[in-house]
Amino acid sequence: MDKPLIVQKNGNVLLESWHVDFDQTRMELASFADLVKNPDGLHTYRITALSLWNAAATGKQLESIEGFLDQQAKFGIPQKIRDHIRDWYTRYGVFEYRLVDEQCILHATDSNLLTQLQGHSDISPLLGTRLCPNQIHIPTDNRGLLKERLMKLGYPIQDKVGFHEGEQLKFELEAKCQLRSYQIDAIEAFCQKDAGSGVLVLPCGAGKTRIGIGVMERLQCATLILTTNTTSVRQWMKEITGNTTIDPGHIGEYSGSIKQVRPITIATYQIMTHRKSTDDAYIHMGLFHERDWGLIIYDEVHLLPAPVFRMTADIQATRRLGLTATLVREDGRAEEVFSLVGPKRYDLPWRTLEQVGWIAEAHCHEVRVGLGDDGLEQYQWADSRRQGRIAAENPNKLGVLKQLLKKHENEPTLIIGQYLTQLKQIASSIGAPFIHGQMPQDERDVLYEQFRSGTNKVLVVSKVANFAVDLPEAAVALQVSGSFGSRQEEAQRLGRILRPKTGENQAYYYSIISEGTKECDYALNRQLFLVEQGYSYSIMDWKSEAGIGDDVDE
């Protein structure tokens, strides 16, 4: 049978990569299933309750999912997984929050389920008075916490209560701020009726900041923006000032050095989770209540720290917008993003934007380098934790790095890694500036600007450059070490070089790993994100790659 899918009883779906309809099938499958591995020839996706609930939130119909699988599966859909799909999908909307007489009401399509909730030890304390067989009053303060607990029981609440308007702030977009069609689509998906909270997933370089500003313009209200670092705070400030009529005096920075609370306030996650000791309260969480915010934007929402998760449970009456390039959370807390921030409202594949030139065409490579006899012996005798460090800091990577720099001479290049000692040695060896977390923000800004202007063509950067650093000129990324198998990090690091380029609009991403070590396993997991987005990821054996060279120990 010439069909590309095999649907298994455990919810896995195997997709043949050689099939003529691979690309089209992959895009449709990815709209309701998650990629979990990609050995040669077969890509394995998994249908889960969360993947189906996200699909339902975007308006995808159960009939469409079943019809697609029926049409594309070689051996049909096993009855067990068909039943699971129907059960999981139809749980979305079983419980709804509604506003009745200015009160939050939990409505259930099945009155027996409400009765069961009233007898559940973790749920009953959050419930109010039973109003009728299908409705029960929910105290406002319990709105978010009940969402979280019901989600864990397998019942996502569809929230139709709506949101308070918040403090009004009238402004317009500047004429030069021309939104692209997909940016408008994302804004509409967030602001549509019965929405108003949720997550928008778009590639790095797609203009997520512009989308956030577009949502702000639609809602015309005071906004709290939470982001990853001070560099990102100032980029948001620059974008808002340059693209809207908002008075700069109405825009405030709330970071380690500056504490301004204004109608538009941009803060870092780090400052929000700061406390004097592990036993003390979070000093700055009060910022959530400093003004009557009508909108809270979570930049890089997949990084949302646990304390902010808990606070988010308490502000369900405020619109919440999450922006990210990938919803993958290595800690498995994607369900919390769904329940406390909102479901995925819009997801734009990276390759879709690449094909129309809105982001650069990326060429992804894994370069494998041997440890050498001494390094291999040291690696074999080390414990597991030490092995990871030895593989990451393999000194033979330096020779590869220099040859790749030569190959891409005069192209703006980022060298990215995990370990400061390794990065300092690289920076010293090649004579390039090094940006790291201990460097004062003003010094970082100077080096970033020198890179943008072309004064420096190469920057060595630690994890501080993983997120929300706007370096549109960067065309080459050389990754020498990473956070184990983190797909989040792979997505963000590739994203650093995807801003559209003049001319051929090409970008090159190299991950340099130690052959025969656990780095190979980490790399396989990290590649999942790239494969999910439709990228090919070629493997280059350093010793045999004639296009680079064999001079490892220079």
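Positions are given from 1, in the same order as the sequence printed here. Predicted model only: the values in this text are computed from it and were never measured.
Within the 4.5 Å cutoff, the side chain of I497 has no heavy atoms near those of the V476 side chain. Under the 4.5 Å side-chain criterion, counting only non-hydrogen atoms from C-beta, Y508 is not in contact with K407. Residues M272 and Y282 are not in side-chain contact: their nearest non-hydrogen atoms beyond the backbone lie 4.5 Å or more apart. Considering only heavy atoms from C-beta on, I271 stays 4.5 Å or farther from S255 through its side chain. Looking only at side-chain heavy atoms (C-beta outward), Q418 and K463 come within less than 4.5 Å of each other.
Comment: R368 does not engage E519 in a salt bridge, judged by the lack of any side-chain N to carboxylate O separation of less than 4.0 angstrom. Salt-bridge annotation for E409 and K406: absent, with no side-chain N of the basic residue lying under 4.0 Å from a carboxylate O of the acidic one. Under the 4.0 Å criterion applied to side-chain N and carboxylate O atoms, K501 and E361 are not assigned as salt-bridge partners.
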- Worked verdict on H408 versus E411 for side-chain hydrogen bond (donor to acceptor under 3.5 Å, both in side chains): CA-CA 6 Å; H408 293 282; E411 295 185 66; 3.0 Å; yes
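Side-chain atoms of K176 never come within 3.5 Å of backbone atoms of L173 as a donor-acceptor pair (strictly under, hydrogens ignored). Under a 3.5 Å cut-off, the side chain of T273 and the backbone N or O of Y269 do form a donor-acceptor pair.
Atom CG of N243 sits about 4.0 Å away from atom CZ of R210, to the nearest 0.5 Å.
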